[in-house]
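Everything below concerns the one structure shown next.
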Amino acid sequence: MKPDTDVALEEVALELEDLVMHFGSVRAVDGVSLSIRKGQVTALVGESGSGKSTVGRCIVRLLEPTAGVVRIGGVDVTHLSRRQMRRHGKEVSIVFQDPAGSLDPRMLVGDVVGEPLRLQAGRISRRDREERINEELGRVGLRAEVARRYPHELSGGQRQRVSIARALISSPSLLIADEPTSALDVSVQASVLNLLADLQRDIGFACLFITHDLSAVEYLADDVAVMYLGQLVEKGSRERVFARPAHPYTQALLAAAPVADPPRQRARKAVLLGDDLPSALDPPSGCRFHTRCPLAFDRCTAEVPQLLGIGDGDAACHLVGPDGAGPDVRQTNSAGSLQ
Ligand code: SF4
């Protein structure tokens, strides 16, 4: 991933500048800066409660950010309504985690998928609309007859395909995919993920892929951004983040990704991440990860580490050098010392 300031404006699909979203005293998102180039996929990774879904909701205007700037295709949309965004040709769609909750149960699938067309500028004939709906259903692997069914008559995987069809029918330049497979049966997760990857490659929309599971991003994302308690702690190309994760939290997340031996897997995760995520109501001082970091030392409780360039990407840790080199928590023993 290039540093955000180096990405030419015409190349940028999404740019977040110091995005802040507070709910009263809960600091859900606290100064997130991120850019996605056109046609690229960035995975936004973190545990539940890290603020990653809140970032997605700020981008699609479901939430009004407390501060910061959201730019789509170079245009500041921070204070535009979704209708105004459409007028600027800045179409952004979102696919939610739970298709059962995000599809209106009283609407036929065809009407659900075709709804964004009603909101677009210019009239479209009924016949053209039906054609577009059938085309979109076909694109996500569903037969045209599904249009005359209700969402509850479909399986979870089929409903998520309907959500994807609805999200893509308006030809968005940016898709927010918020944990699109985590509410589905394990048996259908891979097929929905593959579908998203194929569509992204064929159509070329930019995508912010929000997930808590680093293993799910391995073949889908170009870049990875890691969030912890409302802040980014690491950004970089997928290759580099997987091969040489710089931040101790990224290293711990990677170590927690599923391995063939479940007991070993559980023990590893417990050693590295220990307690649950602290509350965003009262985040720890200094480095927010210090209460769980096996490498924490005095400076970590007192001084906030800045997100600094490390060659390929950025990391925010006092122990990571400008070349991205630093200790690896995966080499620590259960007492938290490096082996
Ligand atoms: Fe751990 Fe300190 Fe680095 Fe934070 S700054 S990740 S507590 S070593």
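Heads up: numbering here begins at 1 and tracks the sequence. Values in this document were obtained by computation on a predicted structure and should not be read as measured data. We count ligands from 1, going down the list as the structure has it; atoms in each ligand are counted the same way.
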Quiz item: Among the clusters formed by ILVMFWY side chains lying less than 4.5 Å apart, do Phe23 and Val60 turn up in the same one?
Solution: yes

Exercise. Following the transitive rule for hydrophobic clusters with a side-chain heavy-atom cut-off under 4.5 Å over Ile, Leu, Val, Met, Phe, Trp and Tyr, establish whether Tyr228 and Val320 coincide in one cluster.
Key: no

Practice problem: Check atom 4 (Fe) of ligand 1 and write out every protein N, O or S atom at under 2.8 Å, as residue and atom. | Solution: Cys287 SG

Quiz prompt | Main-chain N/O of Cys207 paired with Gln200 side-chain donor or acceptor, under 3.5 Å | solution = no

Quiz item: Are any side-chain N or O atoms of Gln251 and backbone N or O atoms of Pro327, one a donor and one an acceptor, separated by less than 3.5 Å?
Solution: yes

Quiz prompt | Tyr150 and His152 aromatic ring geometry - parallel, tilted or perpendicular at 30°/60° bounds | solution = parallel

Exercise. Classify the angle between the aromatic ring planes of His247 and Phe289 as parallel (below 30°), tilted (30 to 60°) or perpendicular (above 60°).
Key: tilted

